[in-house]
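In what follows, residues are counted from 1 in the order of the sequence shown.
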Amino acid sequence: MDATLVAEGIKARLGTHSLATVARRLAALSVVHGSQGVDNPIHMPQIRALLASARRARARQGQGPKKKQAATLDVLDAMLATCQDDIRGVRDRALLLFAFASGGRRRSEVAGAVVENLTVVPGGFLYHIPWSKTDQEGVGREVPVLGRAAKALEAWLQAACIDAGAIFRAVSPAGEIEGRLSARGINRVVKKLAASAGLDPKSFGAHSLRSGFVTEAGRQGVPRNEAMAMTGHKSGVVFDAYFQEGQIVRSKAAWLAD
């Protein structure tokens, strides 16, 4: 049965479903029951207890949630150093710096970035984010793209002759500019550059730029509220996990043995 599901494309690989997959499907079922106004079995104490038990068992086995490695400034610079001077390299350099320097943008935000939302300011640009995962109503906000990130972005726009529409676009093997670069394509770019820098591409992805920005902010002592204003996090739970990871290396307590 399991092999049949894989053959039909329903499952990616043989074996039982991961806990994350089960949790996603239960969440989807919960939404459907809620929208229909019927009793929601997902809220039953037995279901909640079973999921909690499964999470504890996974943690005891050292199988906690997997997350991509943070692309902090040292990692970012290593990837930037692999970018060539051809049109693809110019794009990749601009993409990395835009995503990181503007507050660790999500790959969907980078894929959806358009020239019309750029405003020239002293030192670079302001980019208007019209909608995001944490701004479902489209209130929108501005984030800065300054310094070398602004220079790299300007170099890409000029080299690709882009003055409207999608900022980041696919580049053909022949070096021709094509349509909008998808979110999945952005993920592939980050993985490719990580591999070129001698890093494990399995440990990095587009989210690495977001988590890397937060971790680097913690390392450099950027005030928490300023860093959160850049990323757009509404909840501090995920943000703090990366921010504190960066802060810990600056802690006096970490150096008590010296």
Side-chain angles (χ1 to χ4, degrees), residues 65 67-80 92-157 166-168 181 183 186-187 189-190 204-252 254:
K67 60 182 182 180
K68 296 299 183 184
Q69 186 172 331
T72 45
L73 195 57
D74 53 336
V75 174
L76 177 70
D77 285 339
M79 291 195 289
L80 288 170
D92 292 350
R93 186 177 297 109
L95 189 156
L96 287 181
L97 285 168
F98 175 88
F100 185 95
S102 63
R105 301 272 55 86
R106 298 179 180 87
R107 60 179 178 175
S108 60
E109 295 169 347
V110 178
V114 294
V115 174
E116 289 78 2
N117 288 340
L118 283 173
T119 301
V120 177
V121 297
F125 303 94
L126 279 182
Y127 183 74
H128 177 73
I129 303 174
W131 177 93
S132 70
K133 181 180 178 181
T134 55
D135 179 16
Q136 297 289 317
E137 295 182 2
V139 174
R141 62 194 185 86
E142 276 69 38
V143 292
V145 183
L146 306 174
R148 62 171 176 166
K151 293 178 181 177
L153 180 58
E154 186 173 9
W156 158 245
L157 293 174
I167 293 176
F168 297 106
L181 187 63
I186 290 168
N187 199 51
V189 167
V190 175
F204 290 88
H207 187 73
S208 297
L209 298 172
R210 184 165 177 79
S211 59
F213 176 87
V214 178
T215 305
E216 190 64 36
R219 282 185 182 180
Q220 296 195 25
V222 175
R224 179 178 181 273
N225 63 321
E226 290 186 18
M228 283 190 75
M230 287 284 289
T231 64
H233 279 94
K234 297 298 184 184
S235 168
V237 176
V238 175
F239 178 91
D240 285 340
Y242 291 110
F243 192 72
Q244 291 168 4
E245 184 178 320
Q247 278 187 319
I248 197 68
V249 298
R250 298 175 56 250
S251 169
K252 290 182 179 180

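Distance check, rounded to the nearest 0.5 Å: CG of Leu118 to CG of Leu153 gives 5.5 Å. To the nearest 0.5 angstrom, Met79 atom CE is 9.0 Å from Phe100 atom CZ. The CG atom of Leu209 sits 10.0 Å away from atom CZ of Phe204, with the distance rounded to the nearest 0.5 Å. Rounded to the nearest 0.5 angstrom, Arg105 CZ and Leu95 CG are separated by 13.0 Å. A distance of 13.5 Å separates CZ of Arg106 from CD1 of Ile186, quoted to the nearest 0.5 Å. Here the CZ atom belonging to Phe98 is positioned 5.5 Å from the CZ atom belonging to Phe168, to the nearest 0.5 angstrom.
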Worked check of side chain to side chain contact (heavy atoms under 4.5 Å, CB included) between Leu80 and Leu96: CA-CA 8 Å; Leu80 288 170; Leu96 287 181; 3.8 Å; yes

Verdict with supporting geometry, Gln244 and Ile248, side chain to side chain contact (heavy atoms under 4.5 Å, CB included): CA-CA 6 Å; Gln244 291 168 4; Ile248 197 68; over 6 Å; no

Trace of the side chain to side chain contact (heavy atoms under 4.5 Å, CB included) decision for Lys68 with Arg210: CA-CA 10 Å; Lys68 296 299 183 184; Arg210 184 165 177 79; over 6 Å; no

Thr215 and Phe243: CA distance, side-chain angles, deciding distance, side chain to side chain contact (heavy atoms under 4.5 Å, CB included) verdict: CA-CA 5 Å; Thr215 305; Phe243 192 72; over 6 Å; no

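Of the possible polar contacts, one joining the Arg250 side chain to the Arg219 backbone as a donor-acceptor pair under 3.5 Å is found. A donor-acceptor pair is defined here as one N or O able to donate and one able to accept, closer than 3.5 Å; such a pair exists between the side chain of Tyr127 and the backbone of Val114. When atom types are taken as modelled, the side chain of Arg141 and the backbone of Ala229 share a donor-acceptor pair closer than 3.5 angstrom. In terms of modelled atom types and a separation under 3.5 Å, the side chain of Glu216 and the main chain of Leu73 share a donor-acceptor contact.
Here the closest non-hydrogen pair linking Ala94 and Ala152 is CB-O, 3.4 Å. Contact record, Ala150 with Gly123: CB-O, 3.8 Å, taken as the closest heavy-atom pair. Nearest heavy-atom pair across Ala111 and Ala183 is CB-N, 3.7 Å. Smallest separation of non-hydrogen atoms from Ser208 and Ser211: O-OG, 3.3 Å.
Residue Arg107 is tested with Asn187, Val190, Val189 for a side chain to side chain contact (heavy atoms under 4.5 Å, CB included); the sole match is Asn187. Residue His233 forms a ring-ring contact (aromatic ring centres under 6.0 Å, His included) with just one option from Phe239, Tyr242, Phe213, and that option is Phe239.
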